[in-house]
Trainee: 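I am attaching a structure below and will ask some questions about it afterwards.
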Amino acid sequence: MNVIVFASRKGGSGKSTLAAHLAAQVHKPTKPCLLVDADPQGSLTLWHKLRGTNEPALKVANRSVSEIIATAKRDGVEWVFIDTPPNTSAVVEDAIKNATMVIIPARPGVFDVDAVQATIQSCRAARKPYAVVINGAPARRDENESRIVALAREALAKFKAPVWSGQITNRADLLLALGEGEGAREFSASGRAAGEIGKLWAAIERSIKAIRGQTSANGAMHKQAA
Ligand SMILES: Nc1ncnc2c1ncn2[C@@H]1O[C@H](COP(=O)(O)OP(=O)(O)OP(=O)(O)O)[C@@H](O)[C@H]1O
Ligand SMILES: [Mg+2]
């Protein structure tokens with residue numbers, strides 16, 4: 001079982017959005033995914049209600065996630081995705097302690113990039129692999145990334161933070177899908193949003209395989225300094 005934790009002290013960076021889209025994409029009855037909403041704001045819970053299928057399953061965590069994780073392991077869950085609140089409270093620390101890998105979404109602004117440091121510190125203190133994912137970025141033009149994304153990468157490189165080489169672009173489809181209780185692929189399988197979520201998932205899977213010692217860590221995003 002692998003536990004992916006979405007964490008960032010910064011509100012609105014995309015934790016709940018990425019958790020929902022990735023879970024919708026990854027869940028299979030044969031390899032079930034469990035969503036854990038550890039944020040009292042309840043964004044993931046709202047999406048799950050809109051979805052109305054109970055697939056993937058969702059559990060709400062208040063103070064600790066450990067018990068939920070132990071039960072999930074017994075139940076044969078393959079992936080656990082934990083959405084956390086925008087702070088460094090005890091439940092966030094507990095989720096990070098239980099993580100196989102931590103995903104830190106960050107919008108490419110100066111305040112946003114600066115704010116990832118607190119979460120990076122928590123990951124380093126817990127000795128957990130992590131990667132920053134640039135989210136809500138302006139679209140690429142002719143395959144060139146926007147100046148603000150390039151600047152964000154430069155700033156993140158100063159913290160020696162591993163950063164995914166791709167980006168999740170600011171796209172209405174991602175929002176529209178959430179409003180329908182869907183993931184990007186369910187909403188529009190051939191859309192660009194689904195393409196980016198698919199690439200992010202491939203990068204996460206590569207990292208997990210490397211963390212588990214099944215492949216070499218060369219090029220894995222949790223090792224890739226910006
Ligand atoms: N790539 C994107 N394109 C378009 N909208 C986005 C994108 N990422 C996030 N959003 C929207 O921005 C808002 C904030 O995102 P989200 O709620 O996922 O952030 P969060 O980190 O979970 O916030 P919080 O810390 O408050 O829980 C939401 O309305 C979300 O749907
Ligand atoms: Mg959220």
Side-chain angles (χ1 to χ4, degrees), residues 4-25 35-51 56 58-62 65 80-96 99 102-109 111-120 122-123 130-140 145-146 148-149 152-153 163-188 191-201 203-204:
I4 313 289
V5 172
F6 297 83
S8 156
R9 160 171 98 54
K10 189 81 179 162
S13 58
K15 297 175 284 296
S16 306
T17 299
L18 295 185
H21 283 291
L22 288 167
Q25 173 129 343
L35 280 169
V36 179
D37 191 352
D39 183 358
Q41 287 184 102
S43 308
L44 212 52
T45 307
L46 173 60
W47 173 78
H48 195 256
K49 272 197 193 128
L50 292 169
R51 190 169 175 81
L58 178 137
K59 286 192 177 161
V60 171
N62 296 315
V65 298
V80 180
F81 288 3
I82 307 180
D83 187 22
T84 64
N87 53 41
T88 51
S89 62
V91 76
V92 181
E93 297 293 330
D94 186 50
I96 290 175
V102 181
I103 298 296
I104 309 176
R107 291 182 182 261
F111 301 148
D112 306 78
V113 166
D114 186 68
V116 301
Q117 291 182 85
T119 313
I120 287 177
S122 301
C123 296
Y130 66 93
V132 177
V133 168
I134 294 177
N135 176 46
R140 289 182 175 170
E145 61 186 15
S146 112
I148 63 167
V149 173
R153 290 191 192 283
V163 183
W164 179 42
S165 58
Q167 67 171 46
I168 302 293
T169 304
N170 190 32
R171 294 191 191 281
D173 269 13
L174 289 172
L175 277 172
L176 292 168
L178 294 181
E180 304 283 334
E182 291 181 342
R185 198 163 63 184
E186 293 160 325
F187 184 78
S188 169
R192 291 181 174 159
E196 287 180 353
I197 294 292
K199 279 187 189 158
L200 173 58
W201 179 246
I204 293 174

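Start at 1 and go down the list; that is how both ligands and their atoms are numbered. For reference, positions follow the sequence shown, starting with 1.
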Trainee: Within the distance-only criterion (no hydrogens, no angle test), does the side chain of D94 pair as donor or acceptor with the backbone N or O of V65 below 3.5 angstrom?
Mentor: yes
Trainee: Check whether N135 reaches the backbone of P105 with its side chain - one donor and one acceptor, N or O, closer than 3.5 Å.
Mentor: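 A pair under 3.5 Å: no.
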Trainee: Could you tell me whether a side-chain N or O of S8 sits under 3.5 Å from a main-chain N or O of I104, the two making a donor and an acceptor?
Mentor: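 No, because the side chain of S8 does not come within donor-acceptor range (under 3.5 Å) of the backbone of I104.
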Trainee: What is the total of protein N/O/S atoms that are closer to the Mg ion (ligand 2) than 2.8 Å?
Mentor: 1
Trainee: Which distance, rounded to the nearest 0.5 Å, do you find between the NZ of K15 and the CD of Q41?
Mentor: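 With rounding to 0.5 Å, NZ (K15) is 8.0 Å from CD (Q41).
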Trainee: Near ligand 1, which protein residues have a heavy atom under 4.0 Å away?
Mentor: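 Within 4.0 Å of ligand 1, protein side: K10, G11, G12, S13, G14, K15, S16, T17, D39, Q41, P86, R107, N135, G136, I168, T169, N170, R171, L174, L175, L178.
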Trainee: I'd like to know if the side chain of R185 reaches the main chain of A24, judged simply by a donor and an acceptor atom lying under 3.5 Å from each other, with no hydrogens or angles considered.
Mentor: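 Side chain of R185 to backbone of A24, a donor-acceptor pair under 3.5 Å: no, none is there.
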Trainee: Does the side chain of H21 reach to within under 4.5 Å of the side chain of L178, using non-hydrogen atoms?
Mentor: yes
Trainee: Is the side chain of Q167 donor-acceptor paired with the backbone N or O of E196 at a distance under 3.5 Å, no angle test?
Mentor: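 Here the side-chain-to-backbone pair does not exist.
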Trainee: May I ask you to test the R51-P56 pair for a side-chain heavy-atom distance under 4.5 Å?
Mentor: yes
Trainee: Measure the acute angle between the ring planes of W201 and F81, then classify it against the limits of 30° and 60° as parallel, tilted or perpendicular.
Mentor: tilted
